[in-house]
J.: 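A single structure is presented below for examination.
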Amino acid sequence: MGDIYDNVIELARRRGFVWPSSECYGAVAGFIDYGPLGAMLKRKIENLWRGFYIIREGYYEIEAPTVGVESIYIASGHVKGFADKMCQCPVCKEYHRADHIADEHGTAHADSLSTEELAGIINGLPCPSCGEPLENADVFYFNLMFQTTIGPGSQRTGYLRPETAQGIFIDFNRLSRFYREKLPFGAVQIGKSYRNEISPRQGMIRLREFTQAEAEIFIHPDHKDHPEFSRYADYSVSLWGQTHQMQDIEPVTPTMREAVDSGLVANEYVAYYISLTHEFLTQVGINPKKLRFRQHLPTECAHYALDCWDAEIFSERFGWVEAVGIADRTDYDLKAHAKESGDKFSVFVPYDEVRYEQRRTIVPDMGALGPHYRGKAKAVADALIESEPGPDGATITLDGESLFIPADLYQIREETIEVRGEEVIPHVVEPSYGIDRILYCTLEHAYEEEDVEGEIRKVLHLNPAIAPVQAAVFPLMNKDGLDTIARNLALELQKTGILAQYDDNGAIGRRYRRQDEIGTPYTITIDYDTLKDHTVTLRERDSMQQVRLLASTVPETLSRLIQGTLPFAEAGRKI
RNA sequence: GCACCGAUGGUCUAGUGGUAUGACUUUGGCCUUCCAAGCCAAUAGCUCGGGUUCAAUUCCCGAUCGGUGCACCA
């Protein structure tokens, strides 16, 4: 057999976590189906995430369409920037990045050239694969966004979103109103995003349709101290900064306070979400020893991002997998949408005290300007307002012509203006989670093959909070009324919101193994003692230990076990 | 996209120019007083399309998916 990946994926397929999509018509790379247990697991991971970001941080969730009009992605830069300029070698048919080829042969800023310019430059250069000259090779765009058209016969172009973030940015003004126009505030979105990857490999790691959980937190550009920073000030995580990477030295583990003060992490907001991400991922079940935070190198950091850290999870198969990106995107996106849409993407921030400013305004005398300049009067007035008048009059430029306006055609007013605050374009701190990657890594870290008396026991050590099935109820024997008692107990559990499977098929050991494989944390068995004293056994998946307790207390006890507020040893009498 | 390798019940596999082996799983039954025990039975398969052939799961070509390398990863 292969490595742990093969074993995990085999189990995931067999037991209904993850399946290839549209199998009966031939599966398509980059798309997967979540089966019954996978969909449940995914939802539980998402709900744990909601617990952090919505309930604790107070950033409400929105849901925007996955199809967006072209303008959104023109503004965000995806229409232009999310495309690669490619060319194909006429000899070996290999595809290459045209700008990379030009770059290697000494062309500066090749990525900013047009396709025509690039085609001219690479013409005759050797193909990086076969070495033959690239004769008259076309340079064309390959955009990684899925394109569609909106409406019948419509010329309106739409794109499937390549990230959920833009849906939040373009709702900025509505959100600002919702939060009563007070920074900081944030919104989150969990949903599908789409990227038409050239070569999606690596199973669930690189998908063409994937789920993101993103938070966009709008903060004042001059106040990047997180109000709740004390929560994580003493928290320490493994940080692999730019300088560590370039000098090839190990990550360091300072406290967040130290990391911010030393300048390793740009500000408290970024540090706060690094810690929160660490806490979230370890709660999901990621092994903290296989988790590190790596700072983007200057070359890979998007040009607008001020600081960017990836949470990387170690996979036996894929190495360090980028699962979360935490970036300070500054005001890049809001400015871009302001420019493209013409709307204002800012918040009015009042000063602590009202300021008074002396201001000199020029008030044109339209009654005099009108008859004098006729059709040009309006333009003259506008130019006048912007001008710097001398003692006798002002010189303005209109249609390239210099024009002198005598001082009696306008008034100069010295005013004291009350300034209560200013319009501020917030900076955006963005923690962005790849749920599918987290889910895979969780499975991989939870998976264990244990040798029990010569048999291999496959167990998913899933955190009870995210296990798709929380409990199973077995009658020891399928007779003497044990089965009825077991069924009734399963019903009782379901009434308290616990997903409990009833299973009476096969030997008891086999039933335990089945539940171990899907990560069910607790199993309850009804035996002959139950008939005498109404007690049942409760078995813990990880230790295989059992305790005995009254059947009537099982729902309450299980709830507390799942919440983590009751240690298993105290759940009942040891056997 | 390219090159190489692979694809047989749900899973893992044997094998073949004449529609297929075994194990595990699953389901039903018997048995069974707590960790994949035993017995009986049942269900279930040659990735897809084309070609060669009387006949293709097998040979050839192509596609799809998976793996590896190249390229790509805003």
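Values reported hereafter were calculated over all heavy atoms of this structure, with side chains retained and with hydrogens, waters and symmetry mates removed. Letters A, B, ... are given to chains in the order of the sequence lines, protein chains preceding strands, and every chain is numbered from 1.
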J.: Could you tell me how far G17(B) sits from C4(B) if I compare only their C1' atoms? Round to whole Å.
T.: 27 Å
J.: What N/O pairs connect the protein and nucleotides 37-44 of chain B at under 3.5 Å? Give each pair on its own line.
T.:
| unit_1 | atom_1 | unit_2 | atom_2 | d |
| --- | --- | --- | --- | --- |
| A37(B) | OP1 | R510(A) | NH2 | 2.7 |

J.: Any donor and acceptor pair, going by atom type alone, linking the side chain of E444(A) with main-chain N or O of V8(A) inside 3.5 Å?
T.: no
J.: Give the rounded distance in Å between these two atoms: CG of D33(A) and P of G10(B).
T.: 16 Å
J.: U43(B) and C48(B): how far apart are their P atoms, nearest whole angstrom?
T.: 22 Å
J.: Quick one: look up who C59(B) pairs with, Watson-Crick or G-U, both distances under 3.5 Å, and put none if it's unpaired.
T.: G51(B)
J.: Rounded to whole Å, how long is the line connecting atom CZ of F474(A) with atom P of C34(B)?
T.: 15 Å
J.: Which base, if any, makes a Watson-Crick or G-U wobble pair with G6(B), both distances under 3.5 Å?
T.: C65(B)
J.: What's the gap between G10(B) and U47(B) when it is taken at their C1' atoms, as a whole Å value?
T.: 16 Å
J.: Does R513(A) place a side-chain N or O at less than 4.0 Å from the phosphate oxygens OP1/OP2 of A36(B)?
T.: yes
J.: Between E10(A) and K458(A), does at least one N-O distance fall below 4.0 Å, as a salt bridge requires?
T.: yes
J.: How would nucleotides 45-50 of chain B be written as a contact map, 5' to 3', with B for base contact, S for sugar-phosphate-only contact and - for no contact, using protein heavy atoms under 4.0 Å?
T.: ------
J.: Is R292(A) positioned over the aromatic face of W320(A), cation under 6.0 angstrom from the ring centre and no more than 45 degrees off axis?
T.: yes
J.: Would you measure the distance from the C1' atom in U19(B) across to the matching atom in U8(B) and give it in whole Å?
T.: 12 Å
J.: Can you tell me how far P of C35(B) sits from CD1 of I526(A), to the nearest Å?
T.: 17 Å
J.: Assign Q545(A) to base, sugar-phosphate, or nothing according to its heavy-atom contacts below 4.0 angstrom with the strands shown.
T.: nothing
J.: Considering only atom C1', compute the distance from A14(B) to C70(B) and round it to an integer number of Å.
T.: 36 Å
J.: Does N505(A) put a side-chain nitrogen or oxygen below 4.0 Å from OP1 or OP2 of U26(B)?
T.: no
J.: Just the atom pairs and distances: protein N or O near nucleotides 67-69 of chain B's N or O, under 3.5 Å.
T.:
| unit_1 | atom_1 | unit_2 | atom_2 | d |
| --- | --- | --- | --- | --- |
| G67(B) | O3' | R317(A) | NH2 | 3.3 |
| U68(B) | O4 | R201(A) | NH2 | 2.8 |
| G69(B) | O6 | R201(A) | NH2 | 2.4 |

J.: Could you check which nucleotide pairs with G1(B) in any of the strands shown, counting Watson-Crick or G-U wobble with both distances under 3.5 Å?
T.: C70(B)
J.: If you pin M544(A) and D503(A) to their nearest nucleotides in RNA chain B, which one's is more 5'?
T.: D503(A)
J.: How far does the P atom of U11(B) sit from the matching atom of U16(B), given to the nearest Å?
T.: 23 Å
J.: Sub-3.5 Å donor-acceptor pair from the side chain of E517(A) to the main-chain atoms of L11(A), do we have one?
T.: no
J.: To the nearest Å, give me how far apart CG (D504(A)) and P (U33(B)) are.
T.: 16 Å
J.: Do NZ/NE/NH1/NH2 and the carboxylate oxygens of R510(A) and D503(A) come within less than 4.0 Å?
T.: no
J.: Nearest heavy atom decides the nucleotide; on that basis, is Y512(A) or R208(A) closer to the 5' end of RNA chain B?
T.: Y512(A)
J.: For the residue pair F568(A) and Y522(A), categorise the inter-ring angle as parallel (less than 30°), tilted (30 to 60°) or perpendicular (more than 60°).
T.: parallel
J.: My understanding is that a pair needs two contacts under 3.5 Å, Watson-Crick or G-U wobble. By that rule, which nucleotide pairs with A36(B)?
T.: none
J.: Measure from CD1 on I575(A) to P on C34(B) and round the result to the nearest Å.
T.: 11 Å
J.: Can you check the distance between A56(B) and A37(B), where both ends of the measurement are the P atom (answer in whole Å)?
T.: 43 Å
J.: Round to the nearest Å and state the distance from E10(A) atom CD to U25(B) atom P.
T.: 13 Å
J.: Would you call E455(A) and R513(A) a salt bridge, taking side-chain N to carboxylate O under 4.0 Å as the test?
T.: no
J.: Mind checking the CD-CD spacing from E540(A) to Q545(A)? Nearest 0.5 Å is all I need.
T.: 8.0 Å
J.: Does the Q212(A) side chain pair with the main chain of T164(A), one donor and one acceptor, at a distance under 3.5 Å?
T.: yes
J.: State whether E214(A) and R161(A) are salt-bridged, where the test is any N-O pair (Lys NZ or Arg NE/NH1/NH2 against Asp/Glu carboxylate O) under 4.0 Å.
T.: no
J.: Tell me the partner of U16(B), counting only Watson-Crick (N1-N3 plus N6-O4 or O6-N4) or G-U wobble (N1-O2 and O6-N3) with both under 3.5 Å; none if nothing fits.
T.: none
J.: Just how far, in rounded Å, is C1' of C35(B) from CE of M477(A)?
T.: 13 Å
J.: Can you tell me the pairing partner of A41(B) across any strand shown, Watson-Crick or G-U wobble, with both distances under 3.5 angstrom?
T.: U27(B)
J.: Rounded to whole Å, how long is the line connecting atom NZ of K458(A) with atom C1' of A36(B)?
T.: 12 Å
J.: Hey, does the side-chain of R539(A) have a donor or acceptor N/O within less than 3.5 Å of a partner on the base of C35(B)?
T.: yes
J.: Can you tell me if R208(A) uses its side chain to pair, donor with acceptor, with the backbone of N196(A) under 3.5 Å?
T.: no
J.: For Y512(A) together with F474(A), are the ring centres under 6.0 Å from each other?
T.: yes
J.: Using 30° and 60° as the class limits, which term best fits the ring planes of F169(A) and F218(A): parallel, tilted or perpendicular?
T.: perpendicular
J.: Rounding to an integer number of angstrom, what distance separates C24(B) and A44(B) when you compare their C1' atoms?
T.: 14 Å
J.: Just checking, is any N or O donor in the side chain of Y528(A) or D480(A) under 3.5 Å from an acceptor N or O on the other one?
T.: yes
J.: Spell out yes or no: do the side chain of Q546(A) and the base of C34(B) have one donor N/O and one acceptor N/O closer than 3.5 Å?
T.: yes
